[in-house]
Amino acid sequence: MRFNETVFYSINDLKLDEENYRFGLAKNQQECIDLIYKDSPESFENLLNDIINNNIGDYPLVFINANNENIVLDGNRRVSVLKIINDPSLAPTKKLTEYLNSIDKDKLPFDLDKIGCFVSRDKQEILKTVYERHAAGRGISRIQWSAFATAKFRYDAEIEDNDWRAISILLHLISIDEPANELIKKSNFSFEVFRRMIRHAYQNGYLHYEIFNEDKNVIIPDSEYLAKGLDLVRKIIKVIDNGEVGLSRGKNNYASDDYLTQYFTHHFIKMTEIKPPRKKRRPKVSKITKPTSEPISAIEEPSNSNIEIGTNTSEPEQNLTIESPVNIPSPPPQMSLPLSGSTPILNIIEPPTLIDTNHQLIHALNKLSVQKFNLLYQSISQLNIKKHAILAVVATWAFLDSLPRVAGWTGTDFTSYYNNYIKNLIPPKESQADIRHSISWIFSEGNCNKHSSQYVTLDHKEFIKHFNNIQYFIAKIIEEKIIPEKNGVHG
């Protein structure tokens, strides 16, 4: 076992994963239990009886997050059973509640206040084991995940996948469309069919290629084609739900290339006739056997990055010029997955070390005309986040905490200030939950870095993702809320 630390927790100290790859998103702990039970009532009840009569079995894998919460990343079914044994009112059915109320907890073959867990603060360390158990396949998995759960895991873990567009646009849709989310939870939803249909739509112009950022493998939320693309995805989900396209080879609706060509021609309209651009392949780097004449560290950072942020609001949009770092060999992959045969190298695209500069935010800061914020944003924009993640988080915390004070805000938790305006400033089609999550992450990480004597932010990828996610919203709140309040104009 790769985990060096084993900890015994009370069952009440463990939290089920509300973003579980297998069972889906949950709003709270009770819904986690309900979703796990709904996935397979028979398996749930069999496991309940086995635990009561024998013992707990495998240790859950627990991730301790920045808030010191003990999140169960693997073993959620087992822990949910322990939770309803401890508190029968949490049971998903009345029958189970009555049964659990009848058992004698003093005779259980385990102690609910001492649940053994494998623990780590390194999420990648746990994800590697989760992948081996459930998503790797080829005889490695003990409990095989569905294609959808595996695709979600691979996408979040940034594992190279040629069909990342299918899972990225599906996750985007179900985060804002509850009816679509309910349809994909049904047993007749086939992610394999969905994947094939999205691939065909993308390659043949039914789904516009400008919806996707090919360098970062993510959706472009402000793409002018996204709304039509999401409408297409909704229709594809309904097509699968109606059984119009399937995977039974003996039937005439089998999702082959020929059938999909005919089906799309008769049922959908192309968004473009232009073929999507081919993604540039990352050049293979030969192993270095001799020392190079120039150390890598000498070329790792941009030598003359510059962002010009003026204070004259009458001037046109300023040019942002950030010199890109020279390309260097990628670091070793974070996850080395055991596969059969020869050991391959898993290609994982590393995110940039600089944040994306946002012209709208720059314009908003220029209109605000408070030099402190211009300088803070410039510093964050030019910082090599991979090297200085902790500085980036603390600077961003100060940036977000100080901005509302220009408008007269005197609170201590800036998440409450920003959350108050997300609904009004961000249209429903945008991911409001993602912005709330990103602001909360920055607040929590900033507090931990400032007040903990041991904790430091190390994951630059998380910071870059969250910072880029909020820039447009921060620009909107400066222009529509902070500047009017600063000038004494109350909306």
Side-chain angles (χ1 to χ4, degrees), residues 11-12 14-53 56-58 60-62 71-103 112 115 130 133-135 141-153 155-156 167 170-195 233-234 237-238 240-243 246-247 433:
I11 188 61
N12 290 325
L14 297 175
K15 289 193 68 175
L16 298 168
D17 183 9
E18 294 174 9
E19 299 179 355
N20 190 280
Y21 293 98
R22 184 176 185 187
F23 305 114
L25 301 178
K27 298 182 181 68
N28 50 51
Q29 294 291 289
Q30 180 64 68
E31 189 173 0
C32 280
I33 295 173
D34 294 341
L35 286 173
I36 292 170
Y37 178 79
K38 182 180 177 182
D39 178 70
S40 178
E42 183 180 359
S43 297
F44 189 96
E45 292 175 10
N46 288 341
L47 180 60
L48 171 62
N49 288 322
D50 181 60
I51 287 176
I52 289 175
N53 295 318
I56 294 172
D58 290 347
L61 306 185
V62 173
I71 310 297
V72 179
L73 291 189
D74 192 57
N76 278 272
R77 188 192 298 274
R78 196 170 299 275
V79 172
S80 65
V81 165
L82 294 174
K83 282 185 174 292
I84 68 171
I85 293 173
N86 182 62
D87 182 359
S89 68
L90 298 174
T93 68
K94 183 179 179 180
K95 177 183 175 182
L96 284 178
T97 300
E98 293 173 351
Y99 169 64
L100 292 168
N101 279 325
S102 69
I103 67 173
L112 286 165
I115 307 299
V130 175
R133 287 185 175 182
H134 303 292
S141 306
R142 292 187 300 175
I143 306 171
Q144 188 64 35
W145 278 356
S146 67
F148 180 43
T150 302
K152 284 197 295 181
F153 183 91
Y155 184 68
D156 284 351
I167 190 63
L170 182 59
L171 291 177
H172 185 90
L173 176 64
I174 64 176
S175 71
I176 60 176
D177 190 321
E178 185 59 30
N181 188 33
E182 291 302 316
L183 283 178
I184 70 164
K185 290 179 180 178
K186 295 173 66 173
S187 59
N188 62 337
F189 175 75
S190 169
F191 181 75
E192 174 61 23
V193 174
F194 179 84
R195 180 186 65 78
V233 175
R234 290 185 183 95
I237 292 173
K238 291 179 181 177
I240 297 172
D241 187 57
N242 294 334
L247 288 177

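Quick caveat: nothing in here was measured; it's all calculated off a predicted structure. Numbers here are sequence positions counted from 1. Just the heavy atoms: all of them, side chains too, but no hydrogens, waters or symmetry mates, feed the values below.
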Short question: side chain of Asn86, backbone of Leu82 - any donor-acceptor pair under 3.5 Å? no
Do Phe44 and Val81 touch side chain to side chain, with heavy atoms closer than 4.5 Å? yes
Is there a side-chain contact between Leu247 and Ser190 in this structure, where contact means two heavy atoms from C-beta onward sitting under 4.5 Å apart? yes
Side-chain (Asp241) to main-chain (Ile237) donor-acceptor, under 3.5 angstrom: no
Between Ser80 and Leu16 the two heavy atoms that sit nearest each other are N-CD2, 3.8 Å
Minimum-distance pair of heavy atoms, taken over all atoms of Thr97 and Ala91: OG1-CB, 3.3 Å
Report yes if some heavy atom in the side chain of Ile184 is under 4.5 Å from a heavy atom in the side chain of Phe191; otherwise report no. no
Hey, what do you get for CZ (Arg195) to CD1 (Ile167), rounding to the nearest 0.5 Å? 11.5 Å
Distance, nearest 0.5 Å, that separates CD1 of Ile52 from OH of Tyr99: 4.0 Å
Run the side-chain contact (heavy atoms from CB on, under 4.5 Å) test on Thr93 and Tyr37 for me, step by step, so that the C-alpha distance in whole Å, both residues' side-chain angles and the decisive distance to 0.1 Å come before the verdict. CA-CA 9 Å; Thr93 68; Tyr37 178 79; 3.6 Å; yes
Taking Leu173's backbone N and O only, do any of them form a donor-acceptor pair with Asp177's side chain (distance below 3.5 Å, no angle check)? no
Looking at CG of Leu171 and CG of Asn181, how far apart are the two atoms once the value is rounded to the nearest 0.5 Å? 10.0 Å
Minimum side-chain heavy-atom gap Asp87-Ile11 below 4.5 Å: no
I need the minimum non-hydrogen distance between Ser40 and Arg77, along with the two atoms involved. O-NH1, 3.9 Å
Using side-chain contact (heavy atoms from CB on, under 4.5 Å), reason through Leu48 and Leu100 one step at a time and then give a plain yes or no. CA-CA 10 Å; Leu48 171 62; Leu100 292 168; 4.0 Å; yes
Donor-acceptor check, side chain of Lys83 to backbone of Leu14, threshold 3.5 angstrom: yes or no? yes
Chi angles and distances behind the side-chain contact (heavy atoms from CB on, under 4.5 Å) call for Glu18, Gln29: CA-CA 7 Å; Glu18 294 174 9; Gln29 294 291 289; 3.0 Å; yes
Under 4.5 Å between any side-chain heavy atoms of Asp17 and Val72, yes or no? no
Glu178, CD: over 12 other non-hydrogen atoms inside 6.0 angstrom: yes
Judged by atom type as modelled, is there a donor-acceptor pair below 3.5 Å linking the side chain of Arg78 to the main-chain atoms of Ile56? yes
Hey, could you give me the CG/CD1 distance between Asn76 and Ile36, rounded to the nearest 0.5 Å? 5.0 Å
